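Chain naming here is simple, since letters A, B, ... match the order of the sequence lines and numbering starts at 1 in each. Only a predicted model underlies this, so the values are computations on that prediction, with no experimental measurement involved.
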There are 2 protein chains.
Amino acid sequence: MRTQPAVECSIQRTLDLIGDRWTLLILRDLFRGVRRFSRIQEDLGIAKNLLTDRLGTLVDADIVEKVPYQDRPVRHEYRLTEKGRALSPSLLALMRWGDRYVSGGLAPTELVHDECGTRLELQPWCTTCNVPVAPTDISSRPGPGRHIGTEETRV
Amino acid sequence: MRTQPAVECSIQRTLDLIGDRWTLLILRDLFRGVRRFSRIQEDLGIAKNLLTDRLGTLVDADIVEKVPYQDRPVRHEYRLTEKGRALSPSLLALMRWGDRYVSGGLAPTELVHDECGTRLELQPWCTTCNVPVAPTDISSRPGPGRHIGTEETRV
DNA sequence: ATGAGTCAGTTTCGATTTTCAACCAACTAC
DNA sequence: GTAGTTGGTTGAAAATCGAAACTGACTCAT
């Protein structure tokens, strides 16, 4: 969307790709199984030219792929790639925040653990210690993908 | 931002509030400790009138608060409220996705577990079973905040 | 084989947003 | 008094968006 020399932040890089008003909603629909142009269009109320544009961007970015579901006439549907499915935690996090702070704690839809039916939380997880990590136990440091002037950083 | 009758989805409700091109970047700056109008403005390169507008929206939504840091002249800085800080997992999730899929696995900044220095992952977590939950073990169901026609839903 | 319908777009154009630059107000420091 | 800083506001040009009309490829019913 924008063309900046190479931003030193993965959040910004990500938002440059999918951070506009519609794209995350389109992705939500794809996660929900709404995969066809016209279905997405009527579900979101997005203008068709914009939907064309956004889906094109997502396909170019390899987040979504266009697969034919019939010949004669050839019709396609849009499916998440592995890269696209990897956005699941991001959407889940936004959803849980909205449940708590916008929907007043009353989730319109709940995501639960299959085995026990408990509603899921999303937590930072340490793969070494195998424990959830509280925000107070998180530090940041410059990583191998170059670094920015380090400040008090707590995300 | 938009005024829709009462959308039945926490993702959409959330994105209506913070899902524009700049707001999440502003919040990222606040998490990083960049809290003053002029600092944010130059860091992001956002137009000042838009920054005024977006900060106002965030303050109205109680995501950010404006606190004076000096008198004479009174100057304010913008701080995350508890509601704002609760967006941390969302930003973290977007960051981790960007690390992997946009920055080619080379994180510009790493968030690590204080105690052991391991880079953090963000995982759905079952508070009952006390285990991380894989995407395949997640189901969805209508919650108390009203419900939408249920489809194959996997977020 | 004509006519209506569906799906996935493209085109056009007026309305809205964003950007960019200039200006302003309050105060400090010199 | 002059310059500088911070946190804005204002207005005009440029970019983007939204709504509706139009297209093309095909099906199905008559």
What about B/Asn49: does its side chain form a donor-acceptor pair under 3.5 Å with the base of C/dT18? no
Given D/dG18, is OP1 or OP2 found less than 4.0 Å from the side-chain N or O atoms of A/Arg21? no
One character per nucleotide, please: for nucleotides 21-26 of chain D, 5' to 3', B when the base has a protein heavy atom closer than 4.0 Å, S when only the sugar-phosphate does, - otherwise. ----BS
Heavy-atom nearest nucleotide on DNA chain D taken for B/His76 and for A/Ala47; more 5' hit belongs to B/His76
May I ask you to verify if any side-chain N or O of B/Arg39 is less than 4.0 angstrom from the OP1 or OP2 atom of D/dT6? yes
Distance below 4.0 Å between B/Thr52 side-chain N/O and D/dG8 OP1 or OP2: no
Report yes if at least one side-chain N or O of B/Arg54 is closer than 4.0 Å to OP1 or OP2 of C/dT18; otherwise report no. yes
Who pairs with B/Asp43 by salt bridge (charged side-chain N to carboxylate O under 4.0 Å, His left out), at least two apart in sequence or on another chain? B/Arg28, B/Arg32
How does the hydrophobic cluster around A/Trp125 look, that is, which other residues are in it when side-chain heavy atoms under 4.5 Å mark a link? B/Trp125
How long is the line joining CZ of A/Phe37 and P of C/dA8, in whole Å? 8 Å
Measure CD/B/Glu42 against P/D/dG8 and give the value in whole Å, please. 15 Å
When you measure from the side chain of A/Tyr78, which nucleotide among C/dA8, D/dG7, C/dG9 comes out closest? C/dG9
Rounded to whole Å, the CH2-C1' distance (A/Trp22 to D/dA19) equals 13 Å
B/Thr109 side chain to A/Ser140 side chain, donor-acceptor N/O pair below 3.5 angstrom: no
Nearest to the side chain of A/Leu50 - D/dG18, C/dC7, C/dG9? D/dG18
Test of understanding: with side-chain contact (heavy atoms from CB on, under 4.5 Å), list the residues that count as partners of A/Thr128, not counting sequence neighbours. A/Cys126, B/Cys116, B/Thr118
Per the ring pair (Phe, Tyr, Trp, His ring centres under 6.0 Å) rule, what does the pair list look like for residues 65-98 of chain B, sequence neighbours excluded? B/Trp97-B/Tyr101
Any side-chain donor near an acceptor of the partner, A/Asp60 and A/Thr57, under 3.5 Å: no
The criterion is salt bridge (charged side-chain N to carboxylate O under 4.0 Å, His left out); which residues satisfy it with A/Glu42, sequence neighbours excluded? A/Arg39
